[in-house]
Amino acid sequence: MGRPSTLAKRATTTSATSTSTSKVADAACTNGPYTRTCWSSGFSAATDFDAKWPVTGKTVSYSFELVNSTCDPDGSGSSRPCQLFNGQLPGPTVRANWGDTISVTLTNKLTTNGTGIHWHGIRQLNTGDQDGVPGITECPLAPGQSKTYTWLATQFGTTWFHSHFSAQYGDGATGQIIIDGPASSNYDIDLGAMPLTDWYYQDSWVVGLQAHASLQAFAAPPPADTILINGTNMSPNNQTGAYSKTTGLVAGKKYRLRLINISVDNPLRVSLDGHPFTVITSDLVPIKPWTTNWILIAIGQRYDVIFTATAANAKVGNFWLRVHYAAQCLSSGNNNPNALGIFSYANAPSGNPASTAYTEPADCIEPLSNLVPWVSNTVNSTAFLNQVGNLEVDISVPGLDGNGQNIVIWGVNLSAIDVNWDKPTTQYVKDGNTSYPTNLNLIELPTEGIWSYWIIQEPSNSPVPIPHPIHLHGHDFYVLGTGSGIFDKNTSPSTLKYTNPPRRDTAFLPGGGWLALAFPTDNPGAWLMHCHIAWHVSDGLAVQFLEGKSSSKFPLGDSSWDANCKSWNTFDATMPFPKTDSGLKLVKDSVN
Ligand code: C2O
């Protein structure tokens, strides 16, 4: 298979000295309120950041300790065990500039659990050993041990990090990432990241076991108890707790807000009364700005939005931010499904807002037609269209098939993944061992520089026919299309979009339908793709692809990687709470 020309620059271009193919920033153009598309000499929002990025030579360093704690964020008295980075809820923010190197040293201060940090949405170009996925790219970090993650910010925008060790992130082990860079629309003031999450009054271990039992019985997992905005909310009876407050808005100014859904189970819909949102990103991809009153955010997704403070609104002063559980997406529900936060103008009267909500949509539709990347890239459709005719007739049959072709079909009720914490996929590559146990759900993508296409199909007899937020590590994927029912090889291909399709790292697989994705093989590594509903990945709803195993750039980890595995294996031999799930979000594995 020849190397597609649209891909050549992506596969062969990895340094700052490479030439861009499109609009290049004026050297004199610097980033400011009226020139947000600018960044620095030669780099702008128009730069194809998969092909080119600045290299500042600067390293931004952080130290995190993961500590046992207890949490009662709404003061309801439902205090529960939690596990927090530096004891903070929400977790700390990592902030750097586009092109900086980020270096984070994590110390595991827990006594009986492993951990690690996954940098959600970060490409990790040739640094997959820093992707932080236990059993895939590393051994978990044993209690008392430290590890330093180092990676280059080739992208810019808003994302988050979280533990990928079983369902630990549901216990608060998350944080925000802001990489400052250009933007596709102007704004005056950056309000920073606003993490939004469902919240349970019991810890993830307990709820995870209940969720597992319900999934076995084809029943819904337990509903969440409430929603936290920036780690806070009033209690359901409104007696305790606090609203998240953003104050000091000034008429005439434009504000950038970075929304992140870090939930375990709930898709969330967000609106700010009286202030339409101009949406400028889909995950870490700048898009053509578009305006909406409500935005639906799947678990793992981010949207950066801009709103304008107006003189008329300044007279009113206080406005509700509404964060609702999106019931149409049919996840397990939420006992306190409508959370509120407050946005106030400078000199606003005291007291709660009396603002009116915009009409809330009643759907579970990702706004794909509005997600138009600022930098237009085209997916090579040739291999896809040549091969799609040869697909099995009934692709709803569970199973994965690479067939040596570019198209992989993933029926989401295939065998559950079950990784081995003691022996990550990377170790197999180091050892030249190709005897992968079946339940690693491993698909080899041996050839670099080609397009890989995925059709993810929720079978008609799916036990959980609900929308699933599908997330890929190591790449942004191109969303070629979605549909209801079974993908039809005769009619569905003509509905797909190959010219500048939406690009992001997390997308909805429609309930009972299909999702077609593409990505170029340009990053050797072991990459997980999974449903980001923590209970689903915990129950094994994941595959991993082993990309470019023979490439000299395949990240094998250094001596500290080996030392970390050694300490983990020593701990694991006597671990008080053995693994009871897929390992990616809770079963002591039988595979060694
Ligand atoms: Cu948010 Cu597998 O990651």
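When a residue number appears, it is its place in the shown sequence, counting from 1. In listed order, ligands and their atoms are each counted from 1.
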Practice problem: For atom 1 (Cu) of ligand 1, find the closest N/O/S atom on H120 and give its atom name. | Solution: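 Output for this pair reads ND1.
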Enumerate donor-acceptor pairs with a distance under 3.5 Å from any side-chain N or O in residues 135-142 to protein atoms, sequence neighbours excluded.
{"unit_1": "T137", "atom_1": "OG1", "unit_2": "G132", "atom_2": "N", "d": "3.3"}
{"unit_1": "T137", "atom_1": "OG1", "unit_2": "V133", "atom_2": "N", "d": "2.9"}
{"unit_1": "E138", "atom_1": "OE1", "unit_2": "K147", "atom_2": "NZ", "d": "2.7"}
{"unit_1": "E138", "atom_1": "OE1", "unit_2": "Y149", "atom_2": "OH", "d": "3.1"}
{"unit_1": "E138", "atom_1": "OE2", "unit_2": "Y149", "atom_2": "OH", "d": "3.1"}

Practice problem: Decide salt bridge (Lys or Arg N to Asp or Glu O under 4.0 Å) for R302 and D283; before the verdict, give the C-alpha distance in whole Å, the side-chain angles of both, and the deciding distance to 0.1 Å. | Solution: CA-CA 5 Å; R302 292 84 65 209; D283 301 336; 3.5 Å; yes
Quiz prompt | Partners meeting side chain to side chain contact (heavy atoms under 4.5 Å, CB included) with P502 (sequence neighbours left out) | solution =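 By the side chain to side chain contact (heavy atoms under 4.5 Å, CB included) rule, P502 matches L368, L371, V479.
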Quiz item: Taking both backbone and side chain into account, is any N, O or S atom of H164 nearer than 2.8 Å to atom 2 (Cu) of ligand 1?
Solution: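 Checking atom 2 (Cu) of ligand 1 against H164, an N, O or S atom does fall under 2.8 Å.
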Quiz item: Is atom 2 (Cu) of ligand 1 less than 2.8 Å from at least one N/O/S atom of H530?
Solution: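 So H530 counts as coordinating atom 2 (Cu) of ligand 1, yes.
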Exercise. Please determine if atom 1 (Cu) of ligand 1 has an N/O/S atom from H532 lying under 2.8 Å away.
Key: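 Yes.
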Quiz item: Is atom 1 (Cu) of ligand 1 under 2.8 Å from any N, O or S atom of H162?
Solution: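 Of the N, O and S atoms in H162, at least one lies under 2.8 Å from atom 1 (Cu) of ligand 1, which means yes.
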Exercise. Anything under 30° is parallel, anything over 60° is perpendicular, the rest tilted; go ahead and classify F161 against F64.
Key: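 Parallel, since the angle between the ring planes stays under 30°.
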Exercise. Compute the ring centroids of F85 and Y62, then answer whether they are less than 6.0 Å apart.
Key: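 No, they do not, as the ring centres are separated by 6.0 Å or more.
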